[in-house]
Amino acid sequence: MKKACVMVAGGAGYIGSHTTVELVEAGYDVVIVDNLSNADISAVEGVRKITGTEIPFEQVDCCDRAAMDRVFSKYRFDAVIHFAAFKAVGESVNKPLEYYRNNLDSLMTVLETMLAHGVPNIVFSSSCTVYGQPDKLPVTESTPRQAATSPYGNTKQMSEDIIRDTAKAHPELHGIALRYFNPIGAHPTALIGELPKGVPQNLVPFITQTAAGIRECLSVFGDDYDTPDGSAVRDYIDVVDLAKAHVVAVARMVEHKSKANYEFFNIGTGRGLSVLELVHAFEKVNKLKLNYKIAPRRAGDIVAIWADTSLAEKELGWKAERSIEETLASAWAWEKHLRGI
């Protein structure tokens with residue numbers, strides 16, 4: 001039986017590279033497509049080293065329809081996983097047009113090209129930001145979407161709607177949106193991990209860069225939220241666990257087990273941790289002291305959110321397995337590998 005072939009758009013990025021590893025290890029053929037605007041070719045080399053597979057790489061912008069047509073003509077895809085989006089909440093507040101243009105145009109171009117080439121399945125990298133600041137926690141898939149608190153969150157809501165409406169108009173198309181919470185950590189080999197360009201927009205790379213002496217001080221944005229210790233609460237999920245969720249989502253569609261043309265699932269741990277709890281856990285696990293300060297709240301941030309993951313467990317047979325200690329140890333191991341520490 002022929003192996004299913006999956007295009008991973010944005011596959012040189014943080015979550016894309018880890019997902020590519022899990023797809024290859026699950027027996028899929030994979031092609032990485034990335035324009036390297038926010039990623040590095042070293043991630044592709046890391047994935048090849050981990051898997052022992054010469055995975056094809058196409059340096060293409062997903063907004064470029066002609067280039068995408070060439071890629072879809074060159075390979076016969078059974079599914080696409082779409083990660084090709086800008087992803088920093090704070091940055092999106094300052095650069096809304098860049099976020100709307102890239103995040104929406106890349107998705108619409110991918111969908112148009114899929115339809116033109118008869119590719120029936122897409123897994124979309126969505127986010128818990130679609131829930132805004134929910135009235136009730138934890139959030140389930142029936143929790144109403146609130147008005148987005150950032151342009152980034154708005155692009156995720158709009159992208160989900162674009163996939164839903166396209167699947168309704170084209171019954172041959174199936175889409176699954178994975179609404180994930182806060183991915184952190186790195187591959188256990190320390191050969192791939194989060195590799196932000198410039199100043200990190202996410203918490204854990206800033207923590208590891210501060211521990212490594214790259215950053216002088218970590219800013220904790222806000223200590224006056226209505227939470228037990230005043231810092232914001234999030235559901236932090238190990239990137240390898242998250243990657244595995246994409247593999248089971250692809251399998252659900254390729255094996256024709258989807259219950260509708262468009263489905264969505266929460267992908268998290270089901271547990272909320274505050275920023276300060278995470279900082280202290282990192283210090284304890286890795287036996288070091290972090291230089292951090294309390295800074296003003298950041299635009300676009302919400303108070304608290306964590307997931308109810310029971311639907312993903314029931315329908316996808318997936319649940320997060322790695323402990324926060326393992327995850328934070330892997331993040332530090334990756335940083336040390338990067339810096340030669």
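Asp238 is not listed as a side-chain neighbour of Ile324, based on a closest heavy-atom distance of 4.5 Å or more. Contact annotation: the side chain of Val220 approaches that of Leu276 to within less than 4.5 Å [non-hydrogen atoms, C-beta and beyond]. Ser258 places a side-chain heavy atom less than 4.5 Å from the side chain of Glu263. The shortest side-chain heavy-atom distance between Leu288 and Trp332 falls under the 4.5 Å cut-off. You'll find the side chain of Val21 reaches within 4.5 Å of the side chain of His187, heavy atoms only. For the pair Val24/Tyr28, no side-chain contact is recorded, criterion being any heavy-atom separation below 4.5 Å from C-beta on. For the pair Asn121 and Val250, the minimum side-chain heavy-atom distance is 4.5 Å or more.
Judged purely by atom type and a 3.5 angstrom limit, Gln157 uses its side chain to pair as donor or acceptor with the backbone of Gln146. Put simply, the side chain of Ser126 never gets that close to the backbone of Phe124: no donor and acceptor are under 3.5 Å apart. Looking at Ser330, its side chain does come within 3.5 Å of a backbone N or O of Ala186 through a donor-acceptor pair. Not a single donor-acceptor pair under 3.5 Å links the side chain of Asp226 to the backbone N or O of Val303. The closest donor-acceptor contact from the side chain of Arg252 to the backbone of Val247 lies at 3.5 Å or more, if one exists at all. A donor-acceptor contact shorter than 3.5 Å links the side chain of Thr189 to the backbone of Leu191. For Asp235 (side chain) and Ala307 (main-chain N/O), a donor-acceptor pair under 3.5 Å exists by modelled atom type. At least one donor-acceptor pair closer than 3.5 Å links the side chain of Glu283 to the backbone N or O of Leu290. Panel note: side chain Lys293, backbone Leu218; no donor-acceptor pair is recorded below 3.5 Å. Checked by atom type and distance alone, the side chain of Asn261 pairs as donor or acceptor with a backbone atom of Leu173 at under 3.5 Å.
The distance from the CD atom of Glu277 to the OG1 atom of Thr227 is 8.5 Å, given to the nearest 0.5 Å. For the atom pair Ile176 CD1 and Ile163 CD1, the distance stands at 10.5 Å (nearest 0.5 Å). With values rounded to the nearest 0.5 angstrom, Ile341 atom CD1 is found 8.0 Å from Lys336 atom NZ. Of the inter-residue distances, the one linking Phe57 atom CZ with Thr20 atom OG1 reads 11.0 Å to the nearest 0.5 angstrom. Note that CD of Glu325 and CG of Asn286 are 10.5 Å apart. Values are rounded to the nearest 0.5 Å. Remark: Tyr131 OH to Lys156 NZ distance equals 14.0 Å, nearest 0.5 Å.
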**Message:** Walk me through whether Asp308 and Thr140 qualify under side-chain hydrogen bond (donor to acceptor under 3.5 Å, both in side chains).
**Reply:** CA-CA 5 Å; Asp308 179 324; Thr140 70; over 6 Å; no

**Request:** Check step by step if side-chain contact (heavy atoms from CB on, under 4.5 Å) holds for Trp306 and Val139.
**Result:** CA-CA 6 Å; Trp306 64 92; Val139 292; over 6 Å; no

**Request:** Give the C-alpha distance, both sets of side-chain angles, the deciding distance and a yes or no for ring pair (Phe, Tyr, Trp, His ring centres under 6.0 Å) between Tyr180 and His246.
**Result:** CA-CA 11 Å; Tyr180 34 85; His246 294 80; 5.4 Å; yes

**Message:** Is there a side-chain contact (heavy atoms from CB on, under 4.5 Å) between Tyr292 and Thr210? Walk through the geometry before answering.
**Reply:** CA-CA 9 Å; Tyr292 70 89; Thr210 304; over 6 Å; no

**Asked** Going through the distances and angles, do Lys95 and Phe86 end up as a side-chain contact (heavy atoms from CB on, under 4.5 Å)?
**Response** CA-CA 10 Å; Lys95 299 178 178 179; Phe86 297 153; over 6 Å; no

**Prompt:** When you look at Tyr262 and His174, which way does the side-chain contact (heavy atoms from CB on, under 4.5 Å) test go after all the steps?
**Reply:** CA-CA 6 Å; Tyr262 171 66; His174 288 80; over 6 Å; no

**Item:** Check against salt bridge (charged side-chain N to carboxylate O under 4.0 Å, His left out), Glu45 and Lys49
**Value:** CA-CA 6 Å; Glu45 297 308 325; Lys49 196 176 282 187; over 6 Å; no

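Under the 6.0 Å distance and 45° angle rule, Arg234 does not count as a cation-pi partner of Phe181.
A donor atom on one side chain and an acceptor atom on the other are not found under 3.5 Å apart for Asp223 and Ser231. Side-chain contact, Glu194 with Asn202: a donor N or O sits under 3.5 Å from an acceptor N or O. Residues Tyr99 and Asn154 have side chains that never bring a donor and an acceptor to within less than 3.5 angstrom of each other. Side-chain atoms of Thr155 and Asn103 form a donor-acceptor pair, as typed in the model, at a separation below 3.5 Å. A donor-acceptor contact closer than 3.5 angstrom is absent between the side chains of Glu91 and Tyr152. Checked by atom type, the side-chain pair His117/Asp69 shows a donor-acceptor distance below 3.5 Å. Side-chain N/O atoms of Thr309 and Asn266 include no donor and acceptor closer than 3.5 Å. In this structure, a donor-acceptor pair under 3.5 Å is present between the side chains of Gln209 and Arg215.
The hydrophobic clustering, which links ILVMFWY residues whose side-chain heavy atoms are closer than 4.5 Å, places Val8 and Val239 together. Cluster annotation: Val6 and Val47 are assigned to the same hydrophobic cluster (Ile/Leu/Val/Met/Phe/Trp/Tyr, side-chain heavy-atom contacts under 4.5 Å, transitive). Criterion: ILVMFWY side-chain heavy atoms under 4.5 Å apart, direct or through other members. Under it, Ile81 and Leu107 are not part of a common hydrophobic cluster. Residues Val123 and Ile237 fall within the same hydrophobic cluster, defined by Ile, Leu, Val, Met, Phe, Trp and Tyr side chains chained together at heavy-atom separations under 4.5 Å. Under the 4.5 Å side-chain heavy-atom criterion for ILVMFWY residues, no single connected hydrophobic cluster contains both Leu203 and Leu195.
Within a 6.0 Å radius of CD in Glu255, other residues, nucleotides and ligands contribute more than 12 heavy atoms. Surrounding NZ of Lys284 are at most 12 heavy atoms belonging to other residues, nucleotides or ligands under 6.0 Å away. Other residues, nucleotides and ligands contribute at most 12 non-hydrogen atoms within 6.0 Å of the CZ atom of Arg101. The number of heavy atoms from other shown groups lying within 6.0 Å of CZ (Arg271) does not exceed 12.
Looking at Lys319 and Asp241, no side-chain N of the basic residue comes within less than 4.0 Å of a carboxylate O on the acidic one, giving no salt bridge. Arg70 and Glu58 are not joined by a salt bridge, as no carboxylate oxygen comes within less than 4.0 angstrom of a charged side-chain nitrogen. Salt-bridge formation is detected for the pair Asp29/Lys3: a Lys NZ or Arg NE/NH1/NH2 atom is positioned less than 4.0 Å from an Asp or Glu carboxylate oxygen.
Considering only residues two or more places apart in sequence or on other chains, Arg179 meets the salt bridge (Lys or Arg N to Asp or Glu O under 4.0 Å) condition with Glu160.
Ring-plane geometry between Phe77 and Phe72 is classed as perpendicular, the angle between the planes exceeding 60 degrees on a 0 to 90 degree scale with a lower cut at 30. Ring geometry, His18 versus Tyr14: the interplanar angle exceeds 60°, so the pair is classed perpendicular (tilted spans 30 to 60°).
Scanning all heavy atoms of the two residues, the minimum distance from Gly185 to Ala331 falls at CA-CB, 4.0 Å. Taking every heavy atom of both residues into account, Val60 and Ala67 meet most closely at CG1-CB, 3.7 Å. Considering every non-hydrogen atom in both Ser106 and Cys63, the closest pair reads N-SG, 3.6 Å.
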